[in-house]
Student: 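What follows is a structure written as structure tokens; I'll ask about it next.
Lettering follows sequence order; numbering is per chain, from 1. The model shown is predicted, which means the values in this text are computed figures rather than measured ones.
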2 protein chains.
Amino acid sequence: MEMIKRKVAVLGSTGSVGTQAIDALSVTDCEYVLLTGGRNIKLLADQARQTKVPLVAVPDEKTAVELRGLLAGESVKVLGGEGAVCEAIRECGADLFVHSIAGMAGIPAALEVSKTGARLAIANKEAIISLGDIIFDNVRKYGGELIPVDSEHSAIFQCLMTSGAVDAKGGSRPEIVKRILLTASGGPFFGKKREELQKVTPEMALAHPTWKMGPKITIDCATLMNKGFEIIEAARLFHVDIDKIEVLVHRQSIIHSMVEYIDTTVMAQLGTPDMRHCVRYALTYPERMTVKEPGLDFPALARLTFDAPDREAFPLLDTAVSAYKMGTTAPAALIAADEEAVSAFIGGKIGFTAISDTVAEAMVKYTPDTVYTAESVFEAEKEAREIAKQIISKY
Amino acid sequence: MEMIKRKVAVLGSTGSVGTQAIDALSVTDCEYVLLTGGRNIKLLADQARQTKVPLVAVPDEKTAVELRGLLAGESVKVLGGEGAVCEAIRECGADLFVHSIAGMAGIPAALEVSKTGARLAIANKEAIISLGDIIFDNVRKYGGELIPVDSEHSAIFQCLMTSGAVDAKGGSRPEIVKRILLTASGGPFFGKKREELQKVTPEMALAHPTWKMGPKITIDCATLMNKGFEIIEAARLFHVDIDKIEVLVHRQSIIHSMVEYIDTTVMAQLGTPDMRHCVRYALTYPERMTVKEPGLDFPALARLTFDAPDREAFPLLDTAVSAYKMGTTAPAALIAADEEAVSAFIGGKIGFTAISDTVAEAMVKYTPDTVYTAESVFEAEKEAREIAKQIISKY
């Protein structure tokens, strides 16, 4: 296989996905053209030296000044301030962007990349959930590509490849898909009922069994909000009716998701739970590269199990589907309401089950905008945060 | 989806795969142009009337005469005698041949179809094992297609489709395949040691847990010879090094096989154990068609298990790999020796473990031909039968 030497930008390179992306790419011969980070400038400076990247951007001017100090003597340009990340995206000339900025803060960067005509390997859920259709329109208009890096969506993407039911350029054939089976580890509280969940503390919730992740997404995994987000993400990414997306609890996290076709054939993608594989697939797609990590040992695994999710104990699965069906800006409002609720839980202001109560109540109170644009989405975010904060203040 | 109305020939239509093929095709709008059968002429006549096929062929002139009697008054031509099936294949104008003639008797038909430029949906293992390379040469030369109908090989085919590692025209990319994981139900005697297997009677062996099949293949499933054949079949069909093909015991027969790529990603194909799905996929490939049968219910399945095969209790797995490595005519000799051994077991002449002993000994005594042609393969068949009969006569 002739591998193209790609010019790569890693957005959010110091986060948990970003560091894994750099680790994954370290065994490839890609050339780094841009790294962006947030507050962890010590690590960002280390990464800049290690990757010999010529351009670094941070969204804060003061941080940029500090970073320039840390990188004194290196031939690297540091951009800082509001708009610096987007400016760097336009300027860097990458043909692959790994987008691993966490949260809604990553939305502007996703929009910017979608206009470059480059390949967008996206780990940021929020951009797809809030503005997936607009991002896809841009991908098609500017001739770019979009490949999910989330393990479940990378799996679904690969399962759909079997019958050409997806491509990176925004093509899809939802008519041959009967169901998407989105697997879920079930989180640390699988099997617990609502009464038991009321006793869950932030410390308990922050211990996630399979993937090493930041605190916000770890709580989202515990409430299954993350899986709810992934339902919406799958609907947006693969243009499949959201009612065809089923969540299946699979405790071992070996099957990363499945697709059932109209002929009842099920295709599954399996692997070790390692985000680096998804990053490499996004890099090499439609090709694959040899990796040195060991593969699955099925006799050692011995068994894979399946359970239906408990939608009463974990109501955010249904809240997510409802939010998607409300349309336009509602999914963005859902994310914002959840960010506030999780933040309040981690801060000790509300209990664990109050997260789902708060989000559900916020979505009842929220009315989606009649317009669906980047601007209306940002407005929705602000509005939903206010609604959520008001609900939280009453606890 | 625009479905092409296909002209279909079903070879061996009265066998277990053949009847399922006709059942599978009954929900499509294909046009039957040829049926062929053997001794079950009552069923063949019924099928001819039901499908309104204009041409039927049987390999025996006397049978043809009887069949003409049964079909008196119908507008159907009946060919009979040696060469009648091949003549009908050339004459019928099918663009899809479902080849479900059992055993080595199906080899001439497979060769004949491979020269028509039509699509060959092949359930006959023996032709692929004995002459796969020659059949593929013909498929490429005459612009035909070949799609496996065996559930495992259909599964592998679909898994390889994910990364374009196979196509129906004989294309393959074995360099991106790390392993093929060929699943096996383990047969009715899974878990038993050699000592226990010595007590197995034909009656015990003829009760197979999952698939309804003829007696010869049922015994081959019990000895795992069938899985050994499938290893060779997979090596031939997908041009993958035989040492990359691993047998994995999966008792539930839900995962029909898997492929591990060089990046450690595993793609699996799952479904209800129903041969009709494989027939329909071969018909509609690369498309899929809606079927009314229910799909898999994963929470109801609850678990899928994996075990390594016991290669001491079931030595024919290794005998098969060795036979393949001996090259040229050895795989054909393996089939012939096994047919004799199984026949002797069913006839009460030898015990269950003597099947594998006989086959192994026959392969030690057999020397492969230096030439690899249809003729040398037919010679090998005769020679191996003689060797096996001599071994059997000493029990």
Student: What part of Gln158(A) is in contact with chain B, defined as an atom under 4.5 angstrom from a non-hydrogen atom: side chain, backbone, both or neither?
Tutor: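 Backbone plus side chain of Gln158(A), per the 4.5 Å heavy-atom cut-off to chain B.
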
Student: On a heavy-atom basis, which atom in Glu287(B) and which in Arg173(A) lie closest, and how many Å separate them?
Tutor: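 Smallest interatomic distance, heavy atoms only, reads OE1-NH2, 2.6 Å.
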
Student: If I measure from the heavy atoms of chain A, does Gln269(B) come under 4.5 Å with its side chain, its backbone, both, or neither?
Tutor: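 Contact with chain A is through both the backbone and side chain of Gln269(B).
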
Student: Test: ring-ring contact (aromatic ring centres under 6.0 Å, His included). Region: residues 157-187 of chain A. Which pairs qualify, not counting sequence neighbours?
Tutor: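 Listed once each, the pairs are Phe157(A)-Tyr285(A).
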
Student: Where does Leu304(B) contact chain A at under 4.5 Å (heavy atoms): side chain, backbone, both or neither?
Tutor: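 Answer is both: backbone and side chain atoms of Leu304(B) are under 4.5 Å from chain A.
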
Student: Counting C-beta onward and ignoring hydrogens, is there a side-chain heavy-atom pair between Met161(B) and Ser163(A) closer than 4.5 Å?
Tutor: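 Counting from C-beta outward, Met161(B) and Ser163(A) never come under 4.5 Å.
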
Student: In terms of heavy-atom pairs under 4.5 Å with chain B, which of Thr162(A), Thr305(A), Val291(A), Leu160(A) leads?
Tutor: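 Most heavy-atom pairs within the cutoff with chain B belong to Thr162(A).
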
Student: Below 4.5 Å, heavy-atom pairs only: which of Leu296(A), Leu181(A), Asp307(A), Thr265(A) has the largest tally toward chain B?
Tutor: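 The candidate making the most pairs under 4.5 Å is Thr265(A).
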
Student: Once side chain to side chain contact (heavy atoms under 4.5 Å, CB included) is applied, do any residues pair with Thr319(A), and if so which ones, sequence neighbours excluded?
Tutor: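 Only Leu316(A), Leu334(A), Val359(A), Ala360(A), Met363(A) meet the side chain to side chain contact (heavy atoms under 4.5 Å, CB included) criterion with Thr319(A).
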
Student: So do Phe298(A) and Met258(B) actually touch side chain to side chain, heavy atoms under 4.5 Å?
Tutor: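 Yes, at least one pair of side-chain atoms sits under 4.5 Å.
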
Student: Check this for me: Lys7(B), atom NZ, are more than 12 non-hydrogen atoms of other residues, nucleotides or ligands nearer than 6.0 Å?
Tutor: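 No.
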
Student: Within the supplied structure, the quantity of interest is the number of heavy atoms (other residues, nucleotides, ligands) at a distance under 6.0 Å from Arg303(A) CZ; does it exceed 12?
Tutor: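 Not more than 12 within 6.0 Å, no.
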
Student: Based on non-hydrogen pairs under 4.5 Å, which of Ala268(B), Gly271(B), Ala165(B), Gly295(B) is most in contact with chain A?
Tutor: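 Going by pairs under 4.5 Å, I would pick Ala268(B).
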
Student: Please classify the contact of Lys178(A) with chain B as side chain, backbone, both or neither, using a heavy-atom distance under 4.5 Å.
Tutor: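 For Lys178(A), side-chain heavy atoms alone lie under 4.5 Å from chain B.
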
Student: So which of Ile255(A), Thr264(A), Leu301(A), Val266(A) has the biggest tally of heavy-atom pairs under 4.5 Å with chain B?
Tutor: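 Of the options given, most contacts go to Val266(A).
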
Student: Quick check: closest heavy atoms across Asp263(A) and Arg288(B), and the distance to 0.1 Å?
Tutor: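 Closest approach of Asp263(A) to Arg288(B), heavy atoms only: OD2-NH1, 2.8 Å.
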
